[in-house]
Amino acid sequence: MDIANLPIRKLNTLFNKKDLKPSELYSKIFDNAVGSEASLHAHLTLFEEENIKKAKESDGRFEKGTAQSLLDGIPLAIKDNINIKGYKTTCSSKMLSNYTSPYDATVIKKLKESEALFTGKTNLDEFAMGSSTENSAFGLTKNPWDTDFVPGGSSGGSAASVGARSSIAALGSDTGGSIRQPASFCGLVGFKPTYGTVSRYGLIAFASSLDQIGPITKTVDDSRILFSAISGQDSRDATSIANDQVDIPSDKTAKIGVIKELMEDGISDEARNEVSKVIETLKTSGYEVKEISIPIIKLAISIYYLIAPAECSANLARFDGVRYGLRIDGNTSYEMMENTRAEGFGKEVKRRILLGTYALSAGYYDEYYGKALQARKEMIDEFTRAFNEVDYLISPTTPTQAFKAGEKTSNPLEMYMSDLCTIPANLAGLPAISIPTGVTNDNLPLGVQIMSRALSDESLLNFSEIIEKEIQFDQQPKGWV
């Protein structure tokens, strides 16, 4: 039995039975990290010394029967745009390479109360802007299934760490698919909760109306456990909402819709085949499945790449060399800010700042940003109409399997298209999950995405778990454990 492969609930049972100690689990996880980091570069930093101490404290709690939660003693990786007090939060950018957080993000505070362990901070595309984790200022992360390929992004480090079993689970952030897409590329479960159900306080903002923290895990149940631990309204985040769940059926009375526009041009045959496989499984089990058309999805990329860069342009204005982070001196304050931003930001971040600033400029605001907001409202309305007909919507998670490192770096538009299937859920604020269902001819994993109406996260997890059990995807990358 390889304990690094076990789900959280099983590990907790072993802890309670005293068949396994949290310190023994952490030792195994750390050994896995040592063995994989040189090849994968999933973590930017590892918290070895602190974890040894905290794992032994967890040992004591289980020995006395005073364990705090299912997450007590469980090693979790944290994406390096989420603040942990006393540790660097770099966002994989030169701009914040010397920034140490003075406070905990709300999700970190909640996980600390659960007595979870943090393996360390994971690599990401700079300021979460990318789909491959190639935009990090500190080097790219590689896919544990095949190191010639990317792990996806922007939460590629978190996904690679779980895939290589150098963490039991991880937190990522999802602005346009940055949890689900790397989860699909790495054969994992990636869950983006309903917008607002998980506090963004302490998450370094990319696009505030789209960003959402969520889990990357080996199983749907692990995602359920983490979501339960980190969700809830937070007075420090004005966009957070009470996690008042709406119950929708997950049994055979549920109606399933297949999104027509996400099964057409631009989607590989292999990605379509995975959806078809799930559809046939559901039909065989007695579910009603029908095709659903959401025409405006074809404009999702265009809408997103006006709204997200506009918000990033505003959010990243604070990085000016004055208050924190990098500072490159100049003869005047203006020159200092210009030098700092020129040196501190990478190419992709600069590209999005320029695009967003243009879209927000006086002469073009109504023509571009204003119309994008109107189209976003229409997308929300179209999803509402779809959910009047069905309970769940299914599509590929990604148009293709993982691509090779360097394959799309010279063509940003082609890179942006890898988020074609995931962006709509962010624009509409919906919960969405990717579950692994199979592998391609190149032996790389593919996932299927499931969406449901806002605040039906628990029902979505229940339904996804039914599919997970039917499909029984049990393959994993070789050579890391």
message: For S132, give me all partners under side chain to side chain donor-acceptor pair (under 3.5 Å), at least two apart in sequence or on another chain.
response: E134
message: I'd like to check Q475 versus N443 (side-chain heavy atoms, cut-off strictly below 4.5 Å). Are they in contact?
response: yes
message: I'd like to know if the side chain of T89 pairs up with that of N83 as donor and acceptor (distance under 3.5 Å, no hydrogens or angles considered).
response: yes
- line: Exactly one candidate in I256, T397, I435 meets side-chain contact (heavy atoms from CB on, under 4.5 Å) with I450; the answer is I435
message: Testing the 3.5 Å rule here: is there a donor-acceptor pair between the side chains of T239 and D237?
response: yes
statement: Taken to the nearest 0.5 Å, the spacing of R272 CZ from L262 CG works out to 11.5 Å
query: Atom CG of D72 and atom CG of L11: how far apart are they, to the nearest 0.5 Å?
result: 12.0 Å
- request: Using atom types as modelled and distance alone, determine if a side-chain donor or acceptor of S250 lies under 3.5 Å from a backbone N or O of F463.
  value: no
statement: One should read off an interatomic distance between R9 CZ and I74 CD1, to the nearest 0.5 angstrom, of 11.5 Å
task: Given side-chain contact (heavy atoms from CB on, under 4.5 Å), test F383 with I296 step by step and report yes or no.
output: CA-CA 10 Å; F383 270 108; I296 201 168; over 6 Å; no
query: Would you find more than 12 non-hydrogen atoms of other residues, nucleotides or ligands less than 6.0 Å from K21 atom NZ?
result: no
message: If you define the side chain from C-beta out and look only at heavy atoms, does anything of V349 sit under 4.5 Å from S93?
response: no
- request: Determine the interplanar angle of the Y305 and Y416 rings, folded into 0 to 90°, and report it as parallel if under 30°, tilted if 30 to 60°, perpendicular if over 60°.
  value: parallel
field: E115 bridged to K54 by N-O distance under 4.0 Å
entry: no
message: So that I can tick it off, tell me whether E50 and K53 are bridged by a salt bridge, with the cut-off set at under 4.0 angstrom between side-chain N and carboxylate O.
response: no
message: Quick check on K255: does its NZ atom have over 12 non-hydrogen neighbours (other residues, nucleotides or ligands) under 6.0 Å away?
response: no
- prompt: Do we see a donor-acceptor contact under 3.5 Å between the side chains of S167 and S161?
  reply: yes
message: Could you check whether T90 and D80, counting side-chain N and O atoms only, form a donor-acceptor pair closer than 3.5 Å?
response: yes
- prompt: Using a distance-only test with no angle check, is there a side-chain donor-acceptor pair under 3.5 angstrom linking S92 and E126?
  reply: no
- request: Sort out for me which residue in R224, K192, Q245 forms a side chain to side chain donor-acceptor pair (under 3.5 Å) with D457.
  value: Q245
message: Is it true that, when you exclude K112 itself, more than 12 heavy atoms of the residues, nucleotides or ligands shown sit nearer than 6.0 Å to its NZ?
response: yes
- request: Please lay out, stage by stage, how S173 and K79 fare under the test side chain to side chain donor-acceptor pair (under 3.5 Å).
  value: CA-CA 8 Å; S173 65; K79 186 176 180 179; 2.8 Å; yes
- prompt: Does a donor on one side chain sit under 3.5 Å from an acceptor on the other, for E274 and T437?
  reply: yes
S158 vs T122, side chain to side chain donor-acceptor pair (under 3.5 Å): CA-CA, chis, key distance, verdict: CA-CA 6 Å; S158 288; T122 57; 2.8 Å; yes
- request: Taking the side chain as every heavy atom from C-beta outward, state whether F62 and N12 have any pair of such atoms under 4.5 Å apart.
  value: yes
- line: OG (S155) and CD (Q181) are apart, to the nearest 0.5 Å, by 9.5 Å
query: Is the distance between the ring centroids of F403 and F149 under 6.0 Å?
result: no
field: No-hydrogen, no-angle side-chain donor-acceptor test under 3.5 Å, S240 and R200
entry: no
- prompt: Do T197 and N243 meet the criterion of a side-chain donor-acceptor pair at a distance under 3.5 Å?
  reply: no
message: I'd like to know if K17 pairs up with D19 as an ion pair, taking the criterion as any Lys NZ or Arg NE/NH1/NH2 lying under 4.0 Å from an Asp or Glu carboxylate oxygen.
response: no
message: Between D381 and K377, does any side-chain N to carboxylate O distance fall below 4.0 Å?
response: yes
- request: Test side chain to side chain donor-acceptor pair (under 3.5 Å) on T422 and Q449 and set out the steps.
  value: CA-CA 8 Å; T422 52; Q449 176 179 243; 5.6 Å; no
Partner of E48 by side-chain contact (heavy atoms from CB on, under 4.5 Å), out of I52, T45, N51: I52
- prompt: Between D211 and T175, is any side-chain donor less than 3.5 angstrom from a side-chain acceptor?
  reply: yes
message: Checking side-chain polar atoms at under 3.5 Å, does E311 have a donor or acceptor matched by the opposite partner on S209?
response: yes
query: Does a side chain donor of either S154 or D125 reach within less than 3.5 Å of an acceptor in the other side chain?
result: no
message: Suppose we call two aromatic rings close when their centres sit under 6.0 Å apart. Are F118 and F47 close by that rule?
response: no
message: Rounded at 0.5 Å granularity, tell me how far OH in Y26 sits from NZ in K56.
response: 11.5 Å
query: Hey, what do you get for CG (L461) to CD1 (I466), rounding to the nearest 0.5 Å?
result: 11.5 Å
query: Sequence neighbours excluded, which residues qualify as ring-ring contact (aromatic ring centres under 6.0 Å, His included) partners of F206?
result: none
query: For I471 and V278, what are the C-alpha separation, side-chain angles and deciding distance, and is it a side-chain contact (heavy atoms from CB on, under 4.5 Å)?
result: CA-CA 8 Å; I471 297 296; V278 171; 4.2 Å; yes
- prompt: When you look at L25 and L14, which way does the side-chain contact (heavy atoms from CB on, under 4.5 Å) test go after all the steps?
  reply: CA-CA 11 Å; L25 174 63; L14 293 176; over 6 Å; no
query: Are the aromatic rings of Y87 and Y99 close, with centres under 6.0 Å apart?
result: no
field: Side-chain donor-acceptor pair present, T119, H43, cut-off under 3.5 Å
entry: yes
message: Using ring centroids (six-membered ring only for Trp), state whether Y201 and Y103 fall under 6.0 Å.
response: yes
- request: Assess whether side-chain contact (heavy atoms from CB on, under 4.5 Å) is satisfied between K18 and E63, documenting all intermediate values.
  value: CA-CA 7 Å; K18 301 179 179 57; E63 188 66 34; 3.9 Å; yes
Any side-chain heavy-atom pair of I168 and V162 under 4.5 Å: no
query: Less than 4.5 Å apart, any side-chain heavy atom of L210 and any of R376?
result: yes
task: Count the heavy atoms of every other residue, nucleotide or ligand shown that sit under 6.0 Å from NZ of K109, and state whether that count exceeds 12.
output: no
message: If only side-chain N and O atoms count, and only distance matters, is there a donor-acceptor pair under 3.5 Å linking T217 with S223?
response: yes
query: Between D221 and T219, is a side chain to side chain donor-acceptor pair (under 3.5 Å) present by the stated rule, with each step listed?
result: CA-CA 5 Å; D221 188 49; T219 69; 5.4 Å; no
- prompt: So, N426 versus Y304: side-chain donor-acceptor pair below 3.5 Å or not?
  reply: no
